[in-house]
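Since the structure comes first, as structure tokens, the remarks are kept for the end.
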Number of protein chains: 2
Amino acid sequence: MSTPHSARARARIEVTAAIKDEARRQLASEGATKLSLRAVARELGMVSSALYRYFPSRDDLLTALIIDAYDSLGEAAEAAAEAVADATPTRRWIAVCEAVRAWSLAHPHEYALIYGSPVPGYTAPQSTVPPASRVGLLLIGIVRDAIKGPGVTFPPLAPELRPEAERLAAEIAPDLPPEVAAALVAAWAQLFGLVGFELFGQFNRVVEDREAFFRHAAGQLALGVGISDRPSARR
Amino acid sequence: MSTPHSARARARIEVTAAIKDEARRQLASEGATKLSLRAVARELGMVSSALYRYFPSRDDLLTALIIDAYDSLGEAAEAAAEAVADATPTRRWIAVCEAVRAWSLAHPHEYALIYGSPVPGYTAPQSTVPPASRVGLLLIGIVRDAIKGPGVTFPPLAPELRPEAERLAAEIAPDLPPEVAAALVAAWAQLFGLVGFELFGQFNRVVEDREAFFRHAAGQLALGVGISDRPSARR
DNA sequence: CAAAAAAGAGAGCAGTGCTCTTGCTTCAGA
DNA sequence: TCTGAAGCAAGAGCACTGCTCTCTTTTTTG
């Protein structure tokens, strides 16, 4: 937070940022598998061994990029939500979904890094958890507002799932009804299924007008969690 | 199809299979990034350059593994469908979804290879298209049977999406109503969103009873495409 | 001001994908 | 059945990778 006291400390964060920037450039243009520490160092005019003073391994660099990607996506989604803060819940939901899709199409390799195969290790480091939940929290907020009004119909919930749904609701959003919380988590995962399929070519020769298809699918997702524009407080 | 005439041709397909088997083993245990041509050759007692007589590059080997993975998944899904061929459409739909999930949990690295980040190039080779559509075709068949009965309610369709839905239906299943075809493609993508999120750790600290959660979500997907067990011809 | 900590430079190790050349084996046509 | 051609294995080698270790220089700190 505070400005660094020593010149060395300031240089350190500058060099760290430069490394991440160059690495992000290579990631965006060639993908995670082609990202090379040596190439990053070369481009920055330093020798490769010097880079290990800043990131102890390639995986650590990738982890840093993963966190940044989560933050970048979260920021884009939050900006989109704020831009339509006064609209109906359905519109706000769809706006966030479309922001996720737009960011993913613009940053395919970064998307692959965070929602495709997890490259480093098998379980993500704990430090990636908070940034990873920004989009989820955003969706929770929208649903929270949406179900405030009267006459909302909660999504159905299989009796076997009720205990899990209650536990889940208590975990992520205690003020949400269990059936809504469970449906929301499912919709959250399904949203990224739609985006991932488009991004990774699964829709080739199947879906043509992807913009319209996605908007419609996002609207259906909203219905699935109980969002509807019936008698909203606003507008 | 026919048995090979020359001894050399027979040896070739044997060695090719051995290479793929060993590569699949390494893929399953270490992941795609760690799969090494040299290690495969070493394990098979041959020198690495000899391997290039069978696969011209590492990406070609990976492509072969991708096709095999699609086929393996498709086979598992089809077997599950046949095992409940006499059940209601909803049960058959859920059985296929659960087979997809089970296969993916059992073969995480192969799943990552085909539905995670596409490693070779950016667009999948044409040869991967037919095996990739086996699960989709299976779902189409189930829905086709399901909507035969009377009293089925078609999913809603936004007017802007109607032309695309009609084109899409003509492409993948001309006998299906456009609204069903569009909803089916969306459900297809969403299914893999659910599976991918569980597999890649996105459900950590969120969903606990994943079995029950998935079954419920799969049932909701079935409802979304218009499948219901009301007055089915069977049972 | 001196000791300690941090940073950079370079060599080096083990590994990778891939190419090229050299022999040997198997096949197919006369 | 013999021979030229094609298929295949082996080895050396190139350019690259992640990473470690040592050595020197710079900066910070007690």
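Every chain is numbered from 1, with letters handed out A, B, ... down the list of sequences.
Under 4.0 angstrom from either OP1 or OP2 of D/dC8 there lies no side-chain N or O belonging to B/Tyr52. Side-chain nitrogen and oxygen atoms of A/Arg58 include none within less than 4.0 Å of the OP1 or OP2 phosphate oxygen of D/dC19.
Using a 4.0 Å heavy-atom distance criterion, A/Leu35 is classed as a sugar-phosphate-only contact. As judged by a 4.0 angstrom heavy-atom cut-off over every strand, A/Phe55 is placed among residues making no nucleic acid contact. Residue B/Leu51 is classed as having no contact, given no heavy-atom separation below 4.0 Å to the nucleic acid. Counting any heavy atom pair closer than 4.0 Å across all strands shown, B/Ser49 reaches a base atom. At a threshold of 4.0 angstrom between heavy atoms, the contacts of B/Ser57 are confined to the sugar-phosphate backbone, with no base atom among them.
Taking 4.0 Å as the cut-off between side-chain N and carboxylate O, A/Arg25 and A/Glu22 count as a salt-bridged pair.
Residue B/Arg38 places a side-chain atom within donor-acceptor reach of the base of C/dG17, judged by atom type and a 3.5 Å distance cut-off alone.
With hydrogens and angles left out, the side-chain atoms of B/Asp60 and B/Thr63 include no donor and acceptor closer than 3.5 Å.
Partner of A/Glu198 under the side chain to side chain contact (heavy atoms under 4.5 Å, CB included) criterion, out of A/Leu105, A/Asn204, A/Val206: A/Leu105 alone.
Rounded to a whole Å, the NZ atom of B/Lys34 is 12 Å from the C1' atom of C/dG15.
Comparing C/dC27, C/dT16, D/dC19 by their closest approach to the side chain of B/Ala7 singles out C/dC27. Listed nucleotides D/dT22, D/dA9, C/dG10 differ in distance to A/Arg53; the shortest reach to its side chain belongs to D/dT22.
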Hey, mind stepping through A/Arg101 and A/Glu98 against salt bridge (charged side-chain N to carboxylate O under 4.0 Å, His left out) and telling me if it holds?
-> CA-CA 5 Å; A/Arg101 173 174 175 264; A/Glu98 287 183 322; over 6 Å; no

